[in-house]
Amino acid sequence: MALKLSEKGQHEVTRILARYPEEQSAMMPLLHLIQEDKGFISITDQLELAKLLRVPPMKVRGVVEFYTMFRGEKCGKYLIQVCHTLSCAILGAHTVVDVIRQKLGIDIGGTTKDGMFTLMKVECLGSCGTAPVMQINDDYYENLTEEKIIEILDSLK
Ligand code: FES
């Protein structure tokens, strides 16, 4: 079995690999590509990527687990990551989580029945000056208030 991506994804794999003299240097862009193509990076894809890059599978697994931007499991179309580190905690991360929980009817780690939203708590998103902060897929939402959160979630439906 090989890494199975869409036709466009397969072309992109070849293009990315050609940019790096050492295969393993292509790990980060290829992980982004897999996630973009499939929505998450399954264990099977992690194993196939390890073979392709000629690295131990645990090396790929370690990278996927270390970076919160990578998803190792299937989740909703929108992955909501709420920072709960110090600045955000002081400025209301708990309220942010509660508002989302109530609005979407899911708990931390849960996905809505329609497959639209998954809620996660994460460590510092690097935007402490604009706390409280959440990230939805690749976008940051800062200085959150209850009204702002509701507005953001409604705009994504
Ligand atoms: S503490 Fe939340 S972004 Fe840094």
Side-chain angles (χ1 to χ4, degrees), residues 3 5-6 9 12-13 16 19-20 22 24-47 49-50 53 55-157:
L3 192 55
L5 299 177
S6 64
E12 198 59 19
V13 169
I16 289 170
R19 289 200 322 239
Y20 297 91
E22 287 185 32
Q24 64 177 301
S25 304
M27 189 183 302
M28 294 297 276
L30 288 176
L31 286 171
H32 280 290
L33 174 67
I34 295 167
Q35 184 162 285
E36 218 176 283
D37 200 77
K38 295 183 153 181
F40 72 110
I41 308 159
S42 69
I43 294 290
T44 305
D45 287 334
Q46 291 174 35
L47 290 171
L49 182 61
L53 301 179
V55 297
M58 280 314 291
K59 197 162 185 176
V60 175
R61 182 86 188 138
V63 172
V64 171
E65 288 194 346
F66 180 78
Y67 292 101
T68 56
M69 65 196 170
F70 291 130
R71 297 172 229 150
E73 288 168 19
K74 193 170 169 55
C75 66
K77 179 179 177 189
Y78 297 107
L79 175 61
I80 305 169
Q81 298 179 90
V82 179
C83 171
H84 71 127
T85 310
L86 192 61
S87 299
C88 289
I90 291 170
L91 291 166
H94 188 73
T95 305
V96 173
V97 169
D98 279 349
V99 170
I100 297 170
R101 271 181 175 152
Q102 283 175 15
K103 172 81 177 158
L104 299 178
I106 52 173
D107 217 328
I108 304 292
T111 300
T112 53
K113 284 187 183 130
D114 60 5
M116 288 290 280
F117 299 97
T118 296
L119 176 61
M120 306 280 289
K121 279 204 305 195
V122 295
E123 299 302 329
C124 183
L125 289 168
S127 187
C128 320
T130 57
V133 177
M134 69 177 172
Q135 181 177 355
I136 303 181
N137 294 350
D138 293 333
D139 298 317
Y140 270 36
Y141 298 91
E142 301 157 309
N143 298 307
L144 293 169
T145 60
E146 188 170 342
E147 296 72 33
K148 231 171 158 176
I149 297 163
I150 303 282
E151 198 177 297
I152 292 161
L153 295 178
D154 283 341
S155 75
L156 296 173
K157 284 192 170 173

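For ligands, and for the atoms within them, numbers begin at 1 and follow the listed sequence.
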With a 4.5 Å cut-off on side-chain heavy atoms, are [Y] and [X] touching?
X    : Y    : result
K103 : D154 : yes
E65  : F70  : no
V60  : L47  : no

Any N, O or S atom of C88 closer than 2.8 Å to atom 4 (Fe) of ligand 1: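 Here the distance criterion (N, O or S atom, under 2.8 Å) is not met by C88, so no.
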When you measure from atom 4 (Fe) of ligand 1 to the N, O or S atoms of C128, does any of those distances fall below 2.8 Å?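 True for C128.
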Using a 4.0 Å cutoff against the non-hydrogen atoms of [X], which atoms of ligand 1 qualify?
X    : value
C124 : 1 (S), 3 (S), 4 (Fe)
T85  : 1 (S)
S87  : 1 (S)
L125 : 3 (S)
C83  : 1 (S), 2 (Fe), 3 (S)

Has [X] got a side-chain atom pairing as donor or acceptor with [Y]'s backbone, closer than 3.5 angstrom?
X    : Y    : value
D138 : M69  : no
Y140 : L125 : yes
Q35  : R71  : yes

Closer than 4.0 angstrom: is that true for some heavy atom of S127 and an atom of ligand 1?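 Yes, S127 has a heavy atom closer than 4.0 Å to ligand 1.
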